[in-house]
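The block underneath contains the structure these notes are about, expressed in structure tokens.
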Amino acid sequence: MPTIALTNVTKFYKSDGRWEAAVEGVNLTIHQGEFVFLTGSSGAGKSTLLGLMAGNISPDRGKVRLGEKDISRVPIWGRHRVARAFGQVWQEPTLIRRRTVGENLEIAALAGSASRSTPRKLIQLRVRKVLGLVGLYRIESKYPAELSCGEVRRVELARALINSPPILLLDEITANLDDDNIWDMFHLLGEINRRGTTIVIATHAKQYVNLLRRRVITLVDGQIFGDVPRGRYGEVM
């Protein structure tokens, strides 16, 4: 699995007629198989940093590497190849509401497949397996509106896992979940990480970050303020 490396990365956005840095001068390496919490207040730059890691956003300065490949310079037509390395879940729900759970996952499976000729039966088998992995069974025919908030997040995680990516990038995947669902989610992510998948998760779930004691990176105003192995929420040294 590849290492993610950011070197002097800066990304500007225009706000009220002025250019402001959402992420500024970030140097960061995430090794294969790590489980990393990305913490900081709202607006600190966590979502932008995840987007830069995934190659969804191009930096204005610096480089983003995935293994030996500089993904910050990949043209738009080549980004689908980079995308195969990542499973992503973003803050806002992105399931297609007028498609069933099964159809949502089949679309993701085909979009991320190297071959568009994969038989549908094999795709459906993968759908059942990945739903089983996240603890959901026989819900392929349900629509997103029929699911609880926790079930929706698990389906989104299943969609991120459908093509067995080596890296998961997760943005507030436990937001709006109750304590039982949050704990179940982190337990599941721990199991996925133990199988070798790199996980980077932006979160405000302070209690669980402190319990799990993984690597904690703290952002303040777009800059890395703390990077602590086996850290606590907001710890800087």
Side-chain angles (χ1 to χ4, degrees), residues 38 42 46-58 71 74-178 180-182 184-186 188-189 191-192 197-205:
L38 192 59
S42 297
K46 301 186 298 296
S47 297
T48 299
L49 189 56
L50 288 176
L52 288 161
M53 289 181 192
N56 298 335
I57 302 171
S58 297
I71 64 173
V74 173
I76 292 175
W77 53 264
R79 289 183 183 175
H80 68 282
R81 296 177 184 173
V82 174
R84 291 177 190 156
F86 298 97
Q88 303 172 47
V89 178
W90 302 113
Q91 270 186 289
E92 297 300 321
T94 55
L95 295 178
I96 303 170
R97 295 178 63 83
R98 294 187 178 183
R99 298 293 187 108
T100 65
V101 167
E103 288 169 340
N104 269 277
L105 295 183
E106 287 178 32
I107 290 168
L110 288 170
S113 177
S115 172
R116 297 299 176 92
S117 61
T118 305
R120 189 157 186 255
K121 285 186 178 181
L122 290 181
I123 294 292
Q124 290 173 331
L125 178 60
R126 284 166 60 187
V127 167
R128 289 194 295 273
K129 283 184 175 180
V130 78
L131 285 173
L133 177 63
V134 300
L136 298 174
Y137 301 91
R138 299 178 181 177
I139 68 162
E140 293 93 327
S141 62
K142 289 190 175 183
Y143 288 86
E146 299 179 85
L147 306 178
S148 69
C149 185
E151 288 171 333
V152 167
R153 297 310 262 172
R154 283 175 178 263
V155 171
E156 290 178 321
L157 180 58
R159 184 178 58 182
L161 292 166
I162 191 76
N163 291 307
S164 302
I167 303 166
L168 282 180
L169 302 178
L170 311 172
D171 195 355
E172 299 291 354
I173 194 171
T174 61
N176 302 317
L177 301 185
D178 60 30
D180 286 342
N181 273 308
I182 292 173
D184 287 345
M185 180 65 75
F186 279 128
L188 173 59
L189 292 174
E191 288 295 321
I192 293 168
T197 301
T198 303
I199 294 178
V200 184
I201 175 170
T203 184
H204 285 99

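Fair warning: this is a prediction, and the values are worked out from it, not measured in the lab.
Side chains of Ile162 and Glu106 form no contact here, defined as non-hydrogen atoms less than 4.5 Å apart. Side chains of Leu168 and Val200 form no contact here, defined as non-hydrogen atoms less than 4.5 Å apart. Thr174 is not listed as a side-chain neighbour of Arg153, based on a closest heavy-atom distance of 4.5 Å or more. Side-chain contact between Pro165 and Thr197 is absent, with no heavy-atom pair separated by less than 4.5 Å. Counting heavy atoms from C-beta outward, Ile139 and Val155 have side chains that approach closer than 4.5 Å. Within the 4.5 Å cutoff, no side-chain heavy atoms of Ile182 are placed close to those of Asp178. In this structure, Asp184 and Arg154 have side chains that are in contact, with non-hydrogen atoms separated by less than 4.5 Å.
Ile201 contributes atom CD1, which lies 10.5 Å from atom CG of Leu169 (distance to the nearest 0.5 angstrom). Atom CG of residue Leu38 and atom CG of residue Leu170 lie 11.0 Å apart, to the nearest 0.5 angstrom. Atom CG in Leu188 sits 6.0 Å away from atom CG in Leu133 (nearest 0.5 Å). Distance check, rounded to the nearest 0.5 Å: CD1 of Ile57 to CG of Leu50 gives 9.0 Å. To the nearest 0.5 Å, the span separating NE2 on His204 from OG on Ser42 amounts to 4.0 Å. Note that CG of Leu136 is 6.0 Å distant from CD of Glu151, once rounded to the nearest 0.5 Å.
Shortest non-hydrogen contact noted between Ala54 and Ile71 is C-CD1, 4.2 Å. The nearest pair of heavy atoms linking Phe186 to Ala205 is CE1-CB, 4.1 Å. The two atoms that bring Asn181 and Leu177 nearest to each other are CB-CB, 3.9 Å, heavy atoms only. Here the closest heavy-atom approach between residue Val89 and residue Ala160 is recorded as CG2-CB, 3.9 Å. Taking all atoms of both residues into account, the shortest heavy-atom contact from Ala85 to Pro166 is O-CD, 3.2 Å.
For the residue pair Asn163/Arg126, the side-chain donor-acceptor check at 3.5 Å is satisfied. Under 3.5 Å, the side chains of Asp171 and Gln88 contain no donor-acceptor pair of N or O atoms.
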*Applying side-chain contact (heavy atoms from CB on, under 4.5 Å), run through Phe86 and Thr198 and close with a yes or a no.*
CA-CA 10 Å; Phe86 298 97; Thr198 303; over 6 Å; no
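Residue pairs that meet the salt bridge (Lys or Arg N to Asp or Glu O under 4.0 Å) test with at least one member in residues 127-145, sequence neighbours left out, do not exist here.
In terms of modelled atom types and a separation under 3.5 Å, the side chain of Asn104 and the main chain of Arg99 share a donor-acceptor contact.
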